[in-house]
There are 2 protein chains.
Amino acid sequence: MANLDRSLIAGLFAFEGVAVTDLDRIVGQARSLRIAKDQPVFEQEQEAHSFFLLLDGHVRVVRSMPDGREVIVRYISPGELMGIAHALGRTTYPANAIAAVDCVALAWPSQLWPTFAMDFPSFSANTYKTVGSRLQDAHTRVIEMSTEQVDQRVAHALLKLVKQTGRKTEEGILIDFPISRQDIAEMTGTTLHTVSRLLSAWEEQGLVKSGRQKVTVVEPHRLLLIAEGRVEKS
Amino acid sequence: MANLDRSLIAGLFAFEGVAVTDLDRIVGQARSLRIAKDQPVFEQEQEAHSFFLLLDGHVRVVRSMPDGREVIVRYISPGELMGIAHALGRTTYPANAIAAVDCVALAWPSQLWPTFAMDFPSFSANTYKTVGSRLQDAHTRVIEMSTEQVDQRVAHALLKLVKQTGRKTEEGILIDFPISRQDIAEMTGTTLHTVSRLLSAWEEQGLVKSGRQKVTVVEPHRLLLIAEGRVEKS
DNA sequence: TCAAGAGTTTGCGCCAGCGCAAATCGCCAA
DNA sequence: TTGGCGATTTGCGCTGGCGCAAACTCTTGA
């Protein structure tokens, strides 16, 4: 195992308030791994042997239904924990996690979780804070699905991605990993056809620029108006 | 304060694995309260001063949007915790909780949470298990909203309620608290009109019997077929 | 007993968005 | 450079379910 260093994780939200010597102890028990694009980090129903911290890249968390339909639960960005099934009393992963691009992550055996929780209370508190905000997000999504039109949901999804992973370019803010119309459809409960139509219309109005697996938001503010339903469709 | 006794909470999932003497200590710090039908237990955005355990009755957890739309997040049954914002690092409640019928609950000041978590690790582990399964539920709901037709969603919602709170009667399984068409609509992201039409149709086919704020499921099995989309609509 | 209000049912018209299908485009490998 | 595959675009027709409106029916309180 190459030399893992506390500087990898110092400053991340999950480790806020953890003593420096403890960071060393934590990193010392991790192994690092690379995941190639489109390869799974972990799989739904699989025994939850490890939990992970994403260091670099982006991971798509997908829940699949018995009948084959798939829904994207969320995207994980660098610095976030994933696969923390054990912290929630589960022994299997609840979803598939697929690398959206080549990724680097740290992994710890799940059986370390109870020890970590005991020895590093800040770490465990931060983790539960994360879980709490994911629960919020999930509820927010239920509400969006319940009450909003497709164009609002797609606009919200793009804005969320921009906020989470946007990279400034001279054309606007680029979503920093390959994302297809199909992916956006699976995030918003619609079809790739409808997403394509919406993006085309928005491109015509200068709100976004998009290409193959690529979306750039040019005018976030006007997109927000659509997301909030304060715009009459033309 | 009337004599609170450990027998109130012994045997509940949240307190599994907690020593009997600890149960006494826990109950000793609780106050009990009654909430009249349609009165709030706690309110969205309000300072989260307490967390609660429902002893009797049913509580509706509702998230409201700035624009006035409302979505029912879940129903709480006797024995369940609610308002555990602090365990998730929040200082305010994320939703409104309204008594669906006259209720009895125990309440603890939120500042006890860290102590409880420290002193009664089984209790805290059970709580996080609950949070974990609520997160699962929320994701399941997102998926249902994304991929299912209205009739499937309503059928699923009824089956969930039946499983959670069903009481056997000679006509079938009764959902054991007053629930309106509007409530079901807010659980499934549709309108009371559509719910009414569906229930009427199902009543005609003998699947359910329903009246004012009352639903009895007569044939759960056939309802499940609808929920799973294995039935052609007539 | 009666009136008022809350909850429910039902008819009707409409349209957002899906399903299907076909064409086109862009990228990569050979 | 070319072929092939995956991603995207776009047209067209259809329909599930919503919005609106009106009538009806319990339940409750005076």
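Letters A, B, ... mirror the listed sequences (proteins, then strands); counts begin at 1.
- If you take CZ on R181(B) and OG1 on T194(B), they are separated by 13.0 Å, rounding to the nearest 0.5 Å.
- Counting only heavy atoms from C-beta outward, the side chains of V73(B) and V142(A) never approach each other to under 4.5 Å.
- Between M187(A) and K160(A) there is no side-chain heavy-atom pair separated by less than 4.5 Å.
- Atom CD in Q149(B) sits roughly 18 Å away from atom P in dC14(D) (whole-Å rounding).
- Rounded to 10°, the helix from dT1(C)-dA30(D) to dA30(C)-dT1(D) has 40° between the axis fitted to its first five pairs and the one fitted to its last five.
- No salt bridge links E186(B) with R60(B); every basic N to acidic carboxylate O contact stays at or beyond 4.0 Å.
- The distance from the CD1 atom of I179(A) to the CG atom of L158(A) is 7.5 Å, given to the nearest 0.5 Å.
- Counting to the nearest Å, the C1' atom of dG6(D) and the NZ atom of K37(A) are 12 Å from each other.
- In terms of position along DNA chain D, the nucleotide closest to G211(A) lies nearer the 5' end than the nucleotide closest to the other residue of the pair G211(A) and R153(B).
- The aromatic rings of F52(A) and F42(A) sit parallel to each other, their planes meeting at less than 30°, with 60° as the upper class boundary.
- One N or O on the side chain of Q152(A) and one on the backbone of A227(A) form a donor-acceptor pair closer than 3.5 Å.
- Applying the salt bridge (charged side-chain N to carboxylate O under 4.0 Å, His left out) rule to E171(B) yields the partners K209(B); only residues at least two apart in sequence or on another chain are considered.
- Rounding to whole angstrom units, CD of residue Q213(B) and C1' of dT28(D) are separated by 13 Å.
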Subject >> Stepwise side chain to side chain contact (heavy atoms under 4.5 Å, CB included) test for L174(B) and K214(B) >> reply: CA-CA 8 Å; L174(B) 172 73; K214(B) 181 168 89 61; 3.7 Å; yes
N/O contacts under 3.5 Å, protein versus nucleotides 26-30 of chain C?
none

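- Regarding R69(B), its CZ atom lies at a distance of 11 Å from the P atom of dG19(D), rounded to whole Å.
- Between Y93(B) and H49(B), the angle of the ring planes goes over 60°, which puts this pair in the perpendicular group of the 30/60° scheme.
- For DNA chain C, the neighbouring residues in residues 170-183 of chain B, judged by any heavy atom under 4.0 Å, are S180(B), R181(B).
- Near-neighbour residues of DNA chain C inside residues 185-199 of chain B, defined by a heavy atom below 4.0 Å, number-ordered: L192(B), H193(B), S196(B), R197(B).
- dT10(D) atom P lies 10 Å from atom CD of E203(A), rounded to whole Å.
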**OP:** Evaluate the criterion side chain to side chain contact (heavy atoms under 4.5 Å, CB included) for residue pair L4(B) and S32(B); output intermediate values, then yes/no.
**Re:** CA-CA 8 Å; L4(B) 298 179; S32(B) 77; 3.9 Å; yes
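- Side chain to side chain, T140(B) and D137(B) fail the donor-acceptor criterion of an N or O pair below 3.5 Å.
- Under the side-chain contact (heavy atoms from CB on, under 4.5 Å) criterion, D38(A) pairs with no residue at all, not counting sequence neighbours.
- Straight-line distance from the CE atom of M145(A) to the P atom of dA16(C): 18 Å, rounded to whole Å.
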